[in-house]
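Letters A, B, ... mirror the listed sequences (proteins, then strands); counts begin at 1.
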There are 2 protein chains.
Amino acid sequence: MMPWDLKSDRPIYTQILEEMKKRIISGYYQPGDKLLAVRELAQEAKVNPNTMQKAMMELERENLVFTVRTTGRYITEDTELIAETKKEFAASHVENYYMQMKDLGFAKNEMIELLSSYEEEKE
Amino acid sequence: MMPWDLKSDRPIYTQILEEMKKRIISGYYQPGDKLLAVRELAQEAKVNPNTMQKAMMELERENLVFTVRTTGRYITEDTELIAETKKEFAASHVENYYMQMKDLGFAKNEMIELLSSYEEEKE
DNA sequence: TTCTCTGTATCATCCGATTAATACAATAAT
DNA sequence: ATTATTGTATTAATCGGATGATACAGAGAA
């Protein structure tokens with residue numbers, strides 16, 4: 001079971017929304033997959049069902065999931081939308097990294113160099 | 001005058017804290033520079049003086065600014081600390097970019113490629 | 001039909017962040 | 001000595017997010 005590790009520095013429902021998006025665009029959830037019930041997901045993430053529900057509503061507003069009333073909720077089968085969402089997500093992270101570093105006075109080649117020499121932490 | 005553009009998705013005082021840090025480590029504020037009074041800064045950022053004060057207290061806790069009672073607040077002259085803070089700040093952004101992209105299934109060379117081909121938006 | 005599971009809706013309550021309005025103490029400037 | 005400006009402290013009120021408890025409606029399963 002995938003951990004949720006939610007922090008308290010931002011609204012919980014926002015973090016859940018992002019985590020769900022990540023799970024969809026990364027392929028952890030496949031198109032058409034049935035999601036656990038809101039109550040179960042809430043228990044899993046250790047949040048109130050209302051909070052999970054709020055995140056789901058937003059996810060649905062973006063068409064990344066759809067509901068079959070009284071049956072459950074499913075991941076969209078619109079692979080085009082998923083691909084597009086992934087593209088946007090990646091682009092926003094590239095931009096964020098670039099902008100933050102630029103504000104600090106780093107040149108692009110330095111940004112690339114730092115990333116290249118980055119080694120993941122082990123433990 | 002540097003804009004503050006504060007969002008409502010995270011605590012204001014946290015955002016102010018980060019913005020101040022950026023201004024210090026990027027050199028926008030120089031060591032020893034005198035800051036505007038809390039009330040003025042608050043007015044400039046369009047927030048309550050108490051909120052600005054809270055951010056300043058935290059900034060001071062990290063020794064990035066110091067106070068001369070009844071005279072004002074100044075940027076630290078500990079250039080070593082500033083350099084170290086900048087290093088940490090950059091490292092955390094590198095890690096963040098790397099981890100987010102990795103979770104989405106991107107390989108490091110793809111991350112580098114996306115960054116290389118990133119072109120800043122004009123308008 | 002009856003039971004159970006689904007999403008959904010509606011309360012009241014709590015908590016932290018923010019705002020607001022003041023007040024105070026210390027010092028530099030006048 | 002007086003005034004203005006500084007950071008700081010205090011108290012109350014407000015607001016949004018999160019929780020908790022509960023209820024309802026619809027569809028599938030028994």
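Nucleotide C/dC5 holds its P atom 16 Å from the CG atom of A/L41, rounded to whole Å. To the nearest angstrom, C1' of C/dG16 lies 13 Å from CG of A/D9. Rounded to whole angstrom, the span from the CE atom of B/M56 across to the P atom of D/dT6 amounts to 14 Å. In this structure, A/L36 atom CG and C/dG7 atom C1' are separated by 14 Å, rounded to whole Å. Distance CG (B/L35) to C1' (D/dT6): 13 Å, rounded to an integer number of Å. The distance from atom CE of B/M52 to atom C1' of C/dT19 is 14 Å, rounded to the nearest whole Å. One can place CZ of B/R39 at 11 Å from C1' of C/dA23, the figure rounded to the nearest angstrom. Residue B/M57 contributes atom CE, which lies 15 Å from atom C1' of D/dT6 at whole-angstrom precision.
Closest non-hydrogen pair, B/L17 versus B/E62, comes out as CD2-OE2, 4.3 Å. In terms of heavy-atom proximity, A/I75 sits nearest to A/F66 at O-CE2, 3.5 Å.
Note on B/R61 versus B/E58: salt bridge recorded, some NZ/NE/NH1/NH2 to OD/OE distance being below 4.0 Å. In summary, B/R23 and B/E19 engage in a salt bridge, as defined by a charged side-chain N under 4.0 Å from a carboxylate O.
Separating the CD atom in A/E95 from the NZ atom in A/K102 is a distance of 10.0 Å, to the nearest 0.5 Å.
Residues A/L59 and A/K21 form a side-chain contact, since some pair of their non-hydrogen atoms from C-beta on lies under 4.5 Å apart. Within the 4.5 Å cutoff, the side chain of B/N63 has no heavy atoms near those of the B/T76 side chain. The shortest distance between side-chain heavy atoms of A/R10 and B/D9 does not fall below 4.5 Å.
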Restricting both atoms to N or O, compile the protein contacts to nucleotides 15-17 of chain D shorter than 3.5 Å, with distance only.
none

Can you check nucleotides 11-13 of chain C for protein contacts, nitrogen or oxygen pairs under 3.5 Å, and list what you find?
none

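A cation-pi arrangement is absent between A/K34 and A/Y29, since the terminal nitrogen or guanidinium carbon is not both under 6.0 Å from the aromatic centre and inside a 45° cone about the axis.
For an aromatic pair to be called close, the ring centres must be under 6.0 Å apart, and B/H93 with B/F89 satisfies this.
No donor-acceptor distance shorter than 3.5 angstrom exists from the side chain of B/Y98 to the backbone of B/K108, with no hydrogens or angles considered.
Of the residues in residues 65-75 of chain A, those lying under 4.0 Å from DNA chain C by heavy-atom distance are A/T67, A/R69, A/T70, A/T71, A/G72, A/R73.
Among the atoms of the strands shown, only primed sugar atoms or phosphate atoms (P, OP1, OP2) are found under 4.0 Å from some heavy atom of B/E40.
If you check C/dA20, C/dG7, C/dC24 against the side chain of B/N48, the one that comes closest is C/dA20.
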